[in-house]
Chemist: 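Got a structure here, written out as structure tokens. Questions coming.
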Amino acid sequence: RQALEEMRALYERNQADVSEAKSGRTDLIFLIRFRHCCLLRNQRCILAYLYDRLLRIRALRWEYGSVLPNTIQFHMSAEEVEWFNRYKKSLATYMRSVGGEEGLDLTQDIKPPKSLYIEVRCLRDYGEFEVDDGTTVLLKKNSQHFLPRWKCEQLIRQGVLEHILS
């Protein structure tokens, strides 16, 4: 916001000096050019900042999944939340189009797994969790389970489960 206010002030001063320069004051041309270079620099800085935020928001989709925690969403503008939702829908559409009838979840294995099953500890009460074979597991705080990696990786990212390394 400060950079935008500075840019607005520089632009207004330049507009005033341009009208004076047109009436014959050629000594203002260098000052006008300098202010214009400052405007372009500020514009590049703002665009770089916004691009970096978008890259970070895109990374959040891969890290946290399709639902962001409220603590993160609180620090995002309405436009950033809208961009996140559009990116989320675009990614979901792409994942459904690849990999046959069920689609392919690209967010599942960020790092290649060493084993298909992992031991996890529940960090907070979550409730019932269904495994592929149809069995349900009750995820209560401090309970430990041996579950398929791909089924619980999302819960690990959300902070519900913790991977126990032996």
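Since the structure is predicted, the reported quantities are computational estimates derived from the model, not experimental observations.
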Chemist: Answer whether the closest heavy-atom distance between the side chains of Pro148 and Leu116 falls below 4.5 Å.
Modeler: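 No; the side chains remain at least 4.5 Å from each other.
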
Chemist: What about Phe74 and Ile72, same hydrophobic cluster or not, with Ile/Leu/Val/Met/Phe/Trp/Tyr joined at side-chain heavy-atom distances under 4.5 Å?
Modeler: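 Unlinked, Phe74 and Ile72 end up in two clusters.
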
Chemist: If you define the side chain from C-beta out and look only at heavy atoms, does anything of Arg58 sit under 4.5 Å from Leu55?
Modeler: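 Yes, their side chains come closer than 4.5 Å.
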
Chemist: State which residue, out of Arg121, Glu128, His145, fulfils the side chain to side chain contact (heavy atoms under 4.5 Å, CB included) condition with Leu139.
Modeler: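 Only match with Leu139 under side chain to side chain contact (heavy atoms under 4.5 Å, CB included): His145.
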
Chemist: Is there a continuous path of hydrophobic side-chain contacts, each under 4.5 Å between heavy atoms, that joins Ile32 to Tyr11?
Modeler: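 No, it is not one cluster - the side chains of Ile32 and Tyr11 are not joined through contacts under 4.5 Å.
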
Chemist: Is there a continuous path of hydrophobic side-chain contacts, each under 4.5 Å between heavy atoms, that joins Val131 to Ile118?
Modeler: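 Both belong to a single hydrophobic cluster.
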
Chemist: Can you sort out the partners of Tyr94 under side chain to side chain donor-acceptor pair (under 3.5 Å), two or more places apart, ordered by chain and number?
Modeler: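 For Tyr94, no residue satisfies side chain to side chain donor-acceptor pair (under 3.5 Å) once neighbours in sequence are set aside.
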
Chemist: Sequence neighbours left out, cut at 3.5 Å: what donor-acceptor pairs do the side chains of residues 40-52 make with other protein atoms?
Modeler:
from  : atom 1 : to    : atom 2 : distance (Å)
Asn42 : ND2    : Glu6  : OE2    : 3.3
Asp52 : OD2    : Arg56 : NE     : 2.8
Asp52 : OD2    : Arg56 : NH2    : 3.4

Chemist: Indicate the atoms forming the closest heavy-atom contact of Gly159 with Leu123, along with that distance.
Modeler: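 Here Gly159 and Leu123 meet closest at O-CD1, 3.6 Å.
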
Chemist: Do Tyr126 and Lys140 have side chains that get closer than 4.5 Å, going by heavy atoms?
Modeler: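 Answer no - side chains too far apart.
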
Chemist: Can you name the residues that form a side chain to side chain contact (heavy atoms under 4.5 Å, CB included) with Ser66, not counting sequence neighbours?
Modeler: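 By the side chain to side chain contact (heavy atoms under 4.5 Å, CB included) rule, Ser66 matches Arg61, Lys88.
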
Chemist: Checking Gln154 side chain against Tyr64 main chain: does a donor-acceptor pair fall under 3.5 Å?
Modeler: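 Yes: the side chain of Gln154 pairs with the backbone of Tyr64.
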
Chemist: If you measure from CG on Leu138 to OG on Ser143, what distance do you get to the nearest 0.5 Å?
Modeler: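 OG of Ser143 is found 7.0 Å from CG of Leu138.
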
Chemist: Hey, mind stepping through Arg96 and Thr93 against side chain to side chain contact (heavy atoms under 4.5 Å, CB included) and telling me if it holds?
Modeler: CA-CA 5 Å; Arg96 275 192 304 273; Thr93 302; 3.5 Å; yes

Chemist: Please report the interatomic distance CD(Gln144) to CD(Glu119), rounded to the nearest 0.5 Å.
Modeler: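 The distance works out to 5.0 Å.
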
Chemist: Is the number of heavy atoms from other residues, nucleotides or ligands under 6.0 Å of Gln15 CD greater than 12?
Modeler: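 Above 12, so yes.
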
Chemist: Looking at residues at least two apart in the chain, or sitting in another chain, which of them share a side chain to side chain contact (heavy atoms under 4.5 Å, CB included) with Ser77?
Modeler: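 For Ser77, the residues satisfying side chain to side chain contact (heavy atoms under 4.5 Å, CB included) (neighbours in sequence not counted) are Glu79, Glu80.
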
Chemist: Mind jotting down which residue pairs meet the salt bridge (charged side-chain N to carboxylate O under 4.0 Å, His left out) criterion with at least one end in residues 15-32? Sequence neighbours excluded, please.
Modeler: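 For residues 15-32: Asp17-Arg35, Glu20-Arg25, Arg25-Asp27.
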
Chemist: Mind listing the closest non-hydrogen atom pair of Ile164 and Val120 along with its distance?
Modeler: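 That would be CD1-C, 3.8 Å.
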
Chemist: Looking at every heavy atom in both Leu161 and Cys122, which two are closest together, and how far apart are they?
Modeler: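 What the structure gives for the nearest pair is CD2-CA, 3.8 Å.
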
Chemist: Identify the two heavy atoms, one from Leu28 and one from Ala21, that lie closest to each other, and give their separation to 0.1 Å.
Modeler: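 Closest approach of Leu28 to Ala21, heavy atoms only: CD1-N, 4.5 Å.
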
Chemist: Measure the shortest side-chain to side-chain distance between Ile57 and Met76 over non-hydrogen atoms and say whether it is less than 4.5 angstrom.
Modeler: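 Heavy-atom side-chain distance check passes, below 4.5 Å.
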
Chemist: Start with the C-alpha distance between Leu54 and Trp83, add both sets of side-chain angles, then the distance that settles side chain to side chain contact (heavy atoms under 4.5 Å, CB included), and finish with yes or no.
Modeler: CA-CA 8 Å; Leu54 285 183; Trp83 188 89; 3.6 Å; yes

Chemist: Around His36, counting heavy atoms of other residues, nucleotides and ligands shown, do more than 12 lie under 6.0 Å from its NE2?
Modeler: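 Atom NE2 in His36 is not packed in, count stays at 12 or less.
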
Chemist: Mind running side chain to side chain contact (heavy atoms under 4.5 Å, CB included) on Leu68 and Leu60 for me, showing each step along the way?
Modeler: CA-CA 8 Å; Leu68 289 177; Leu60 289 174; 3.8 Å; yes

Chemist: Would you sort out whether Val137 and Leu147 count as a side chain to side chain contact (heavy atoms under 4.5 Å, CB included), showing the intermediate values?
Modeler: CA-CA 9 Å; Val137 177; Leu147 298 172; 4.1 Å; yes

Chemist: Just verifying a value: how many Å separate Thr136 OG1 and Phe129 CZ, rounded to the nearest 0.5 Å?
Modeler: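 That separation rounds to 11.0 Å.
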
Chemist: Could you tell me whether a side-chain N or O of Asp125 sits under 3.5 Å from a main-chain N or O of Lys141, the two making a donor and an acceptor?
Modeler: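 Side chain of Asp125 to backbone of Lys141: a pair is present.
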
Chemist: For Cys38, which residues count as a side chain to side chain contact (heavy atoms under 4.5 Å, CB included) partner, sequence neighbours excluded?
Modeler: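 Expected list: Leu10, Phe34.
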
Chemist: With a 4.5 Å heavy-atom cut-off, do Lys89 and Arg86 have their side chains touching?
Modeler: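 Not touching, per the 4.5 Å side-chain cut-off.
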
